[in-house]
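Just below is one structure, and these are the notes that go with it.
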Amino acid sequence: LAVLEPCLRSLLEHTLYPNLEVLVVDNGSDDPATLAFLAELEAAGSIRVLPDPSPFNYSALNNRAVEQASGEFICLMNNDIEVIQPDWLIQMLAYGQRPGVGAVGARLLYPDRSIQHGGVLLGIGGVAGHAHHGLAQDACGYYCRAQLAQEISAVTAACLLVRKDHYQAVGGLNAEDLRVAFNDVDFCLKLAEHGLYNVYAATAVLVHHESVSRGYEDTPEKQARFAAEVAWMQQRWGERLISDPA
């Protein structure tokens, strides 16, 4: 609840864009306070809860939710995102509605307001990593790219906007091979293969309390799964990962 409540309250109370359908995927929540909070918001008509007690698979959970979404656009959002800028969605839609655009990613800040995500660059750590990571929120970065909207190879799915028909055209997130990691990078590369380009919207700013829910890759089981996802990405995308035009 300490994570989810700030996410949903800030989303519902501070987002200027009015035409929202908020779907909350409840992946086996058992905390009574969390369930009561979700029931309260659903009873008020603010959200729709989609119970899904299946084993955690980020890709599959989102794919099933997208099928039930009625909007023309989908915004994937982690439960540890906090809205701090009322026009964040308007900023993202400004790019997402343009012809030829695939995924749009936001500028995400840590709670201390340093940059957590400023787009994704391929090749870092063998697969991909976040650009401008750790810079101050007002830092310019290389050629001021931390502050400027630009085409980029990929963006994080922690807050990602895309047309629903584009999402479905490329098969959504890969639930078979990328259950937890790199599904967003793979998704963005599939959009590029489909003839679309991805955009980092630097003017859409939110806070990301990174890895609060799932934690880090710090157990043998998680590390083995992560290694398999790295290997799959390297096999699938090969040279693309070491020749990022961005």
Side-chain angles (χ1 to χ4, degrees), residues 58-59 62 73-78 81 85 87-110 113-164 166-167 169-174 178 181-208 210 229-230 233-234 236-246:
Y58 183 88
S59 299
N62 280 289
F73 285 86
I74 299 295
C75 181
L76 304 182
M77 178 177 281
N78 282 13
I81 293 287
Q85 176 195 22
D87 68 344
W88 69 276
L89 187 52
I90 293 169
Q91 295 290 333
M92 294 181 79
L93 279 163
Y95 299 101
Q97 293 181 90
R98 293 176 62 131
V101 170
V104 180
R107 178 153 52 112
L108 302 180
L109 307 177
Y110 286 112
R113 298 307 194 259
S114 61
I115 295 176
Q116 188 264 337
H117 169 266
V120 172
L121 297 174
L122 306 179
I124 297 174
V127 178
H130 290 184
H132 318 298
H133 184 263
L135 291 183
Q137 65 171 327
D138 56 355
C140 286
Y142 183 71
Y143 277 80
C144 215
R145 286 180 61 184
Q147 305 293 333
L148 297 175
Q150 65 210 255
E151 181 181 350
I152 198 148
S153 292
V155 295
T156 181
C159 185
L160 181 155
L161 181 86
V162 65
R163 287 185 184 273
K164 183 176 179 178
H166 290 339
Y167 188 100
V170 299
L173 303 178
N174 183 341
L178 301 171
F182 303 122
N183 39 56
D184 45 7
V185 179
D186 175 69
F187 176 70
C188 289
L189 292 175
K190 289 191 296 185
L191 290 169
E193 261 191 343
H194 203 64
L196 302 167
Y197 62 93
N198 304 305
V199 174
Y200 163 53
T203 52
V205 185
L206 305 97
V207 167
H208 186 196
E210 186 187 31
E229 290 168 336
V230 167
M233 284 292 292
Q234 292 174 335
R236 168 66 176 88
W237 294 106
E239 289 292 311
R240 184 76 175 84
L241 298 181
I242 55 174
S243 56
D244 186 346

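Quick caveat: nothing in here was measured; it's all calculated off a predicted structure.
Each salt bridge (charged side-chain N to carboxylate O under 4.0 Å, His left out) pair with one or both residues in residues 237-246, not counting sequence neighbours, would appear here, but there are none. The side chain to side chain donor-acceptor pair (under 3.5 Å) analysis of residues 97-107, with sequence neighbours excluded, yields the pairs Arg107-Gln147.
Rounded to the nearest 0.5 angstrom, Ile152 CD1 and Leu122 CG are separated by 9.0 Å. Taking CG of Leu241 as the reference point, atom CE of Met233 lies at 5.5 Å (rounded to 0.5 Å). Thr156 OG1 to Asp184 CG: the interatomic distance, rounded to the nearest 0.5 Å, is 4.5 Å. Atom-to-atom distance recorded for Asn174:CG and Tyr58:OH is 14.0 Å, nearest 0.5 angstrom.
Counting heavy atoms from C-beta on, the side chains of Lys190 and Asp186 come closer than 4.5 Å. When side chains are defined from C-beta on, His117 does not count as touching Cys159, because their heavy atoms never get closer than 4.5 Å. Counting only heavy atoms from C-beta outward, the side chains of Val207 and Arg113 approach each other to under 4.5 Å. A heavy-atom distance below 4.5 Å is not found between the side chains of Phe73 and Val162. A heavy-atom distance below 4.5 Å is found between the side chains of Gln150 and Arg145. Between Ser153 and Cys188, every side-chain heavy-atom pair lies at or beyond the 4.5 Å cut-off.
Of all heavy-atom pairs between Gly96 and Arg163, the closest is O-NE, 3.9 Å. For the pair Ala103 and Leu191, the tightest heavy-atom approach, listed with the atom from each and the gap, is N-CD1, 3.5 Å. The shortest non-hydrogen separation linking Thr203 to Gln91 is OG1-OE1, 2.7 Å. Between Tyr200 and Gly119, the shortest heavy-atom contact is CD1-N, 3.8 Å.
Scanning for ring-ring contact (aromatic ring centres under 6.0 Å, His included) contacts around Phe187 gives Tyr167, with sequence neighbours left out. The side chain to side chain donor-acceptor pair (under 3.5 Å) test applied to Asn198 returns no partner, not counting sequence neighbours. Every residue two or more places apart in sequence or in another chain that forms a side-chain contact (heavy atoms from CB on, under 4.5 Å) with Ile124 is listed here: Leu121.
The side-chain contact (heavy atoms from CB on, under 4.5 Å) test with Met77 is passed by exactly one of Leu206, Asn62, Leu161: Leu206. Applying the side-chain contact (heavy atoms from CB on, under 4.5 Å) test between Leu178 and each of Asn183, Leu173, Val185 identifies Asn183 as the sole match.
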N/O donor to acceptor pairs below 3.5 angstrom from side-chain atoms of residues 126-144, sequence neighbours left out:
| unit_1 | atom_1 | unit_2 | atom_2 | d |
| --- | --- | --- | --- | --- |
| His130 | ND1 | Gln116 | O | 2.7 |
| His133 | NE2 | Tyr110 | OH | 2.7 |

